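Down below is the structure, laid out as structure tokens.
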Amino acid sequence: MGMGSYPQYRGRAIHALDGIWDFHFVDGGVKDPAAPALAKVRYDDRQAVPGVFDALPRHAGKRGTAFYRTRVRVTPHAKLLLKSPGLGMWGAFFWDGRRIGVHDLPYSGLEFRFDAGEGAEHELVAVIDNRFDAERQPLLSPFFDFYSHGGIFRPLELHEVFPVSLDRAFVHVTDLKAGKVEVEVLLAGDELPERIALAAAFDGGKATKRTLKVRDGRAKFSAVLEDKRKWDCEHPVLHTLSVTLGEETLTERFGLRTVEAKKGKILLNGKAVRLYGYCRHEAHPEFGPALPWQIVVEDMQLLRQVGCNFVRGSHYPQDQRFLDLCDEFGILVWEEALGWGNRPEQYADPRFASAQLRQIAPMVKNSGNHPAVILWGFMNEGSSEDPSCRFLYEAMTAELRKLDPSRLVTYATKKFTEDIDLDLVDVVGLNTYPGWYAMDQEKYRPLDEIAVKCDTFLKFLHENGFDDKPLIVSEIGAGAIYGWRDRLNGQWSEEYQRDYLETVLDYFFAHDRICGISLWQFIDCRTYSSARAIRRPRAFNNKGIFDEYRRPKLAAETVTRRYRAARGLDVKDD
Ligand code: ADA
């Protein structure tokens, strides 16, 4: 969505709304943020968009309702599309005082269509509320282990669209070797014609004109690419497709690659691939999840330096700018809908279940063309041991498969041998913390627990007929306070974390049954200081191999050495 990223639109006017907006914050919140008395708001402050207001000095840690205001000049009576790629914790947009959309899925990229109305100059107000409220916004809860910020996380854009406009064009690989694809062009408009004439060109080549039937807002055609080079981690070759309809051209970027789960392996382009990765939060102490470009790029450089070919985007739909970089550098991605440790009483709330399901369509649509994304996940560490919650596991897996049969479906479980929903997924994701959250302190030395616990799970998978399902250890790790060194390698020291991860990787490299690992976690990130304080010194989750300012702990060197050696990379840098 941001300027440099894909998809790109030529021919339509695009207004980037980044900048400094007028701002007013009501500590404690207004009664009904969905219908506020906007005329009464006194804008007495300024705020950056993108940005989070509750990490900054004036409103740090506060919860309430924030009013953001800007002015935009558009063509009178234009048809408009507001692209809101991610905000928290809840938002509503108002155009000249008229409500044009409610953004109630934090981190999801949503879009709102409306008419500009008369005149060129307009007022756009975003009402952002960062209070926990299960009725308004059931996806974020205060018991999570990452801090829920308030603000507009990612760059906002306003597009002036044609009455019949190009929305997206998805490229599905139908024959990898032959370079054959099926293209699905999504159209938007109030009245779509039955047939449409468009021109399509791959990789900047000659455009072919086609007249296509439009059904359910979609027009389809198949094509064979001249350049059949595939995308993989070592050679992340990217292709483009440009579709022209009337005055506008949409350019999408994609890769030729397939992904399958077979006989316990993940196959990329038919070949088994092992995943060496990290779980990563979009977080920074000063910017929260509203990461500036520089941090997004820095994180990518660090992931590459460590030798990763895999990242788990924990625990929400990802910033498209980051996914573009993953495409470019051949880093495979597990992207997941927002969920964390959800409890049975939440599943029983229809608002929660429906919000969970509503996240799937935008996630699949926004990330549908990224070759890097190979796995869809959802509901991290949910209640997958409870029969009353199974309906939502069934619904989520069915929805993902319906909307995108080309990728693998998974979720990260911590229910261990109690889990009852693993039959539903293509890939098993196991979160486990032996040697950190101790199993039996009398019986085992902490580091010895790692093999004991992992052995038990491998046995469980085998005994339950899951040998064919690939296994990813989707989380495992230990906390270390940056700069805390200890000759006795005690818990919380950088030495303990280093030894811990070395032991984990010894086990991983000795067990082919585990086809991927995303260590917990890439960087330290802020969490709540309340209930978690005992296990979360500094009110941070300290299990990063880099701290929150991306400074390496001792373990960074260990993981780098192991990952790079496994991938046949020089131990230094690319
Ligand atoms: C869980 C959870 C992570 C983090 C981790 C931990 O596995 O999925 O978000 O909270 O535990 O550090 O304990």
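No hydrogens, no waters, no symmetry mates; every other heavy atom, side chains included, goes into these values. Model, not experiment: these values are computed from the prediction. Both ligands and their constituent atoms are indexed starting at 1 by order of listing.
- Remark: ligand 1 and N380 share an N or O pair separated by less than 3.5 Å (distance only, no angle test).
- A cation-pi arrangement, defined by a distance under 6.0 Å to the six-membered ring centre and an angle within 45 degrees of its axis, is present between R280 and F322.
- Each of the atoms 3 (C), 8 (O), 9 (O) of ligand 1 lies under 4.0 Å from some heavy atom of H315.
- Every atom of ligand 1 is numbered from 1 in the order shown, and the set under 4.0 Å from a heavy atom of D145 is 4 (C), 6 (C), 10 (O), 12 (O).
- A cation-pi arrangement is absent between R536 and F146 under the rule of less than 6.0 angstrom and at most 45 degrees off the ring axis.
- Residue N431 approaches ligand 1 through these ligand atoms, each under 4.0 Å from one of its heavy atoms: 7 (O), 8 (O).
- Taking 4.0 Å as the cut-off, Q521 does not count as a neighbour of ligand 1 on heavy-atom distance.
- Heavy-atom contacts of R536 reach the following atoms of ligand 1: 6 (C), 12 (O), 13 (O) (cutoff under 4.0 Å).
- Side-chain contact check for W90 and D133: no donor-acceptor pair (N or O, by modelled atom type) lies under 3.5 Å.
- Counting only N and O atoms by type, the side chains of D54 and H59 include no donor and acceptor under 3.5 Å apart.
- Within the cation-pi definition used here (under 6.0 Å to the ring centroid, within 45° of the axis), R274 qualifies as a partner of F508.
- When non-hydrogen atoms are compared, ligand 1 lies under 4.0 Å from neither the backbone nor the side chain of K414.
- With sequence neighbours left out, R390 forms a side-chain contact (heavy atoms from CB on, under 4.5 Å) with E394, D421, D423, L424.
- Looking at F146 against ligand 1, nothing comes within 4.0 Å, counting heavy atoms.
- Seen from the ring of Y433, K543 counts as a face-on cation partner, given the 6.0 Å and 45° thresholds.
- Residue contacts with ligand 1 for R312 are absent, since no atom lies close enough (heavy atoms, distance under 4.0 Å).
- Proximity of K402 to E399: side-chain heavy atoms (C-beta onward) are separated by under 4.5 Å at one or more points.
- Within the structure, ligand 1 has Y437 among the residues with a heavy atom less than 4.0 angstrom away.
- For ligand 1 and N541, the ligand atoms under 4.0 Å from any heavy atom of the residue are 4 (C), 6 (C), 10 (O), 12 (O).
- Of the heavy atoms in R535, none comes closer than 4.0 Å to ligand 1.
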